[in-house]
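Just below is one structure, and these are the notes that go with it.
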Amino acid sequence: MTLLYTEVEEELRAAVRDLLADRCSPSAVLGRVESGTPYDAELWKTLAREIGVAGLLVPEELGGAGASAREAAVVLEELGRAVAPVPFLASAVLATQALLTAGGEAVGELLGRLAAGEATAALAVPFAASPYAPPAPAAVLGEDGTVTGTVGGVIGAEIADVLLVPVRLTGGTALCAVEASPAGSAGGTVRVTPATSLDLTRPIATVSFASAPARVLATAGGPETPWVREALLRGAGLLASEQLGIAEWCLATTVAYVRERRQFARPVGSFQAVKHRLADLWLEIAGARAAARNAAARLAEAPVAGPPGGDAAVAVTVAVAVAQAHCGAVAVHAAEECVQLHGGIGMTWEHPAHLYLKRAKADQIALGTPGDHREALAGPADLPAPV
């Protein structure tokens, strides 16, 4: 296993970065946030259909690229650098992984639509849910094959064509596919109600189902929802790469600014105190890069179509827990330093620094808090917390 980027990964990075530089500048993101329609549907179509990011984790026989978590991690790094308002994490990672874990003929057809960029999906689970203690299904599957219930804190629901809903049924649980109303609308048997989100570029919503027609994709006995747990675990591992991208942008932008900003007839960056703060931040980001790349590499080695077993499962859990426990804090620290070292302009709405700080903080408490990940790490590392 190597943590270095391959030539293919660098080519993918260049393609995504060039597109985002052209179509997703900080001013464009700020303008979209103010418009009330934060998701950039046209940008997502280009990423999904022309670059193929929507199908990275989908096997080739189902119409995808057959790539691994390493390539998905590179894409998330670049999306984090641009705080891009696209549903890659929601659809191409969380929803796709839930479907891959579920398996089956009906799943294959849906994965083909997602990989081709013909549809977008969202997993109807709170974004704050921990992979180590997945929430019990909040919806119920009736005898008539319809779903009823309400799920809060869902990402990607406003733009999703298909909602993947964990449900309770007699004697177990199931994963159902529910066709959503047109993006952003509210009506019919599915209602998507936007909620106040800390991250302006990644909205959350409350999704309500009222006897919504559903297709059962997979079932499980007992209260367990293996598709949800695997999706949340892999999502948490790859989210670390987005946090890495946020931190790298904040550092690069701050270094460029303090080299130009002058105070007392000299660049602000020439003051020793500023140098030390940025040097310490660089070291933190270097460690975050290693942790994020290790998580991506471990996930790439594990079978993408289902939970790994034995020692591989432990290795994946440890890698994900380490990455999330570390990278979340680093991203928040980098964003805070970016705001502070930009001085007055860093506090303004017109400067994009606040978008990165909000994304970093929202990511830190998503898919399990750092405390959740440290607690999960304690067992495999044989370092139990004090009683």
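Every value quoted in this text rests on a predicted model; they were computed, and no experiment measured them.
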Any side-chain donor near an acceptor of the partner, Q340 and R277, under 3.5 Å: yes

Closest heavy-atom pair and its distance - R293, A73: NH1-CB, 4.4 Å

Under 3.5 Å: donor-acceptor pair, side chain of S91, backbone of P87: no

SB check E78 R17 (cutoff 4.0 Å): yes

salt_bridge(R234, E230) N-O dist < 4.0 Å: yes

Pair Q97-W227, side-chain donor/acceptor within less than 3.5 Å: no

N/O donor-acceptor pair under 3.5 Å between T148 side chain and S211 backbone: yes

Donor-acceptor contact present, side-chain T254 to main-chain C250, <3.5 Å: yes

Electrostatic pair E50-R23, nearest N-O below 4.0 angstrom: no

Neighbour count above 12 (heavy atom, 6.0 Å) for E109 CD: yes

No-hydrogen, no-angle side-chain donor-acceptor test under 3.5 Å, Q324 and Q364: no

Full working for ring-ring contact (aromatic ring centres under 6.0 Å, His included) between W249 and Y356: CA-CA 9 Å; W249 182 92; Y356 288 85; 3.7 Å; yes

Distance-only donor-acceptor check, side chains T201 and D199, under 3.5 Å: yes

H342 side chain to C338 backbone, donor-acceptor under 3.5 Å: yes

Under-4.0 Å salt bridge between R202 and D363: yes

Main-chain N/O of G117 paired to R49 side chain as donor or acceptor, under 3.5 Å: yes

Whether W44 and F88 hold their rings parallel, tilted or perpendicular, with breakpoints at 30° and 60°: perpendicular

